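Read the structure below first, then the notes.
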Amino acid sequence: RPVEQSNKIRSPPVHEDVYGYLTKFGYLPESDLATGNLQTVDQLHDALRTLQTYGNIPVTGKLDAETKELMRKPRCGVPDVTP
Amino acid sequence: KRYTLHGQKWQHVNLTWSLRTRHLERMDHGWVRSDLHKALEIWSKHSKLTFREINSETADILVYFEKGYHGDGYPFDGRGQVLAHAFFPGTGHGGDAHFDVEEDWLLNGEQNNEGTSLYTVAAHEFGHSLGLAHSSVGGALMSPWYQGLQSDFELPDDDRLGIQVLYDSKNDKKWGNIPVYRPAAPRPNYPNTIPPRTTVRTTTSSTSTTTPRTTTTYTNIRTRQPDIPPANDKPDFCNTTFDAVSIIRKDLFFFKGKYSWRLGDKGLYSGYPALISRLWYNLPEDMNQVDAVYERQDHKIVFFIGRSFYVFNGNILVPGYPKPLTALGLPERLDHVDAVTVWGHNSKTYIFSGTEYWRYDDETDRMELGYPRDIMTIWKGVGYNLNAAFQWHDGATYFLKNRGFWKFNDLRMRVEQEEPRSIGEFWFNC
């Protein structure tokens with residue numbers, strides 16, 4: 001069997017995974033199917049800032065390497081930001 | 001930056017939980033239950049919460065291992081990323097915890113960086129089951145991200161403060177009428193440190209509710225430490241059998257003759273053995289021993305002495321008692337009971353005497369039909385003429401006879417090992 005990468009690192013999140021991740025864990029509002037993913041870029045930056053605060057990593061608002069690393073970590077399925 | 005409360009909380013603190021074994025073919029149920037029990041203890045240790053395992057869908061917290069879509073709108077994603085989720089207190093799914101069965105779960109403190117510690121993840125998920133949401137405090141148990149297994153795990157302050165806002169801390173415990181004995185100084189560790197055998201004398205008239213048995217006037221237990229009877233009176237726990245043993249208000253009580261010992265989470269309370277009559281009033285003056293004791297599910301405490309039983313609300317005998325054993329539905333021919341316990345597996349009350357046992361339903365207040373039965377029929381490996389039986393904090397049932405005990409494995413329906421282990425060594429560090 002191919003050697004599993006340690007810490008179960010999954011394939012790096014790609015653009016839609018970022019939205020999926022941020023929506024799944026409550027950082028972005030569920031996309032409104034009628035309007036589709038019309039979150040603004042500002043909303044994305046705000047959401048990343050909130051995630052980075054939660055994860056105790058530098059708060060840049062950008063999808064940088066530390067943020068990608070955090071998003072790959074195994075975690076609880078309960079949203080972080082609950083309405 | 002701190003813990004987050006999610007609004008709902010349980011309106012009762014004595015919670016029940018149950019592991020549902022769907023999808024659990026590949027895992028040892030015993031170890032899973034043990035890890036879940038230890039994970040719950042992390043929360044009960046710092047709050048008024050207590051957790052009792054039952055085998056029923058009616059439990060407050062149901063624990064499932066699930067795969068992919070499993071009907072709650074939060075599908076699992078296979079190995080990695082999402083490990084588990086749980087529901088905040090409430091009805092329906094409320095309180096339940098779901099674990100992704102496709103993860104590589106490590107049980108019972110197994111160490112390896114490939115797998116995921118069930119104990120650690122369960123401790124986090126049960127935080128949700130109790131009403132805590134995620135915390136952004138670094139290192140908090142309620143941080144969203146898995147932080148690996150810490151063997152000597154102690155609940156971080158942020159999580160402890162969160163749970164105590166919801167369910168108070170243990171020290172505020174109101175224990176009914178039984179005085180909670182908490183010495184002014186921190187209790188010295190240990191069961192094998194016998195307190196000095198002095199007698200406590202007061203010059204003022206005793207507040208004791210019973211006339212002093214000797215010329216020495218004892219200070220009543222309700223106001224100070226339990227009395228320390230003269231040395232020659234008291235039994236030595238390293239050199240005795242026991243008449244009865246029971247968990248009462250979360251502490252473990254051993255009874256011998258007129259005395260009892262009390263063991264808390266840090267071992268034997270100093271100042272014990274204390275006269276039983278100092279904790280439970282109006283027991284018969286000429287009582288030489290209790291036959292069996294147990295705490296009912298309504299938290300009343302029941303003593304069996306000879307052909308009668310006594311029901312206490314805290315220290316106080318409930319009016320109308322004692323009653324004859326026949327009032328419970330036991331046969332006229334029975335002149336005593338050996339042991340009584342509530343079995344965690346089904347929450348029924350089992351009464352043992354000689355070679356027989358009966359099953360009593362506390363909810364309907366009736367002895368169940370089809371009893372008595374021979375003890376050996378289902379309690380494999382447990383002897384006849386027992387001294388005591390009780391369900392300990394680890395969820396297992398312990399049977400005591402003479403100076404030994406057996407730990408009963410509910411899943412295998414037999415004792416864990418044929419040879420009884422020493423009570424003195426295991427509980428009193430003899």
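All chains are named by letter (A, B, ...) in the order of the sequence lines, taking the proteins before the strands, and each is independently numbered beginning at 1. Keep in mind the model is a prediction, meaning the values are calculated, not measured.
Note that CG of B/Asp77 and NZ of A/Lys24 are 5.0 Å apart. Values are rounded to the nearest 0.5 Å. Here B/His85 contributes atom NE2 and A/Arg75 contributes atom CZ; the two are 12.5 Å apart, rounded to the nearest 0.5 Å. Between atom OH of residue A/Tyr54 and atom OG of residue B/Ser143 there is a gap of 8.5 Å, rounded to the nearest 0.5 Å.
Contact detail for B/Trp145 and A/Gly55: the closest heavy-atom pair is CZ3-CA, 3.5 Å. Minimum heavy-atom separation, A/Asn56 to B/Val137: ND2-C, 4.1 Å.
A/Val78 is listed as a side-chain neighbour of B/Phe88, based on a closest heavy-atom distance under 4.5 Å.
Qualifying side-chain hydrogen bond (donor to acceptor under 3.5 Å, both in side chains) partners for B/Arg33, counting only residues two or more places apart in sequence or in other chains: B/Glu53. Applying the side-chain hydrogen bond (donor to acceptor under 3.5 Å, both in side chains) rule to A/Gln52 yields the partners A/Thr60, A/Thr67; only residues at least two apart in sequence or on another chain are considered.
Within residues 122-130 of chain B, the residues having any heavy atom closer than 4.5 Å to a heavy atom of chain A are B/His124, B/Glu125, B/His128, listed by residue number.
Looking only at distances, a side-chain donor or acceptor of B/Gln81 sits under 3.5 Å from a matching main-chain atom of A/Met71. Proximity of a side-chain donor or acceptor of A/Asp80 to a complementary backbone N or O of B/His134 within less than 3.5 Å is not detected.
Residue pairs that meet the salt bridge (Lys or Arg N to Asp or Glu O under 4.0 Å) test with at least one member in residues 12-21 of chain B, sequence neighbours left out, are B/Arg20-B/Glu57.
Taking a 6.0 Å sphere around CH2 of B/Trp31, one finds it holds 12 or fewer heavy atoms contributed by other residues, nucleotides or ligands.
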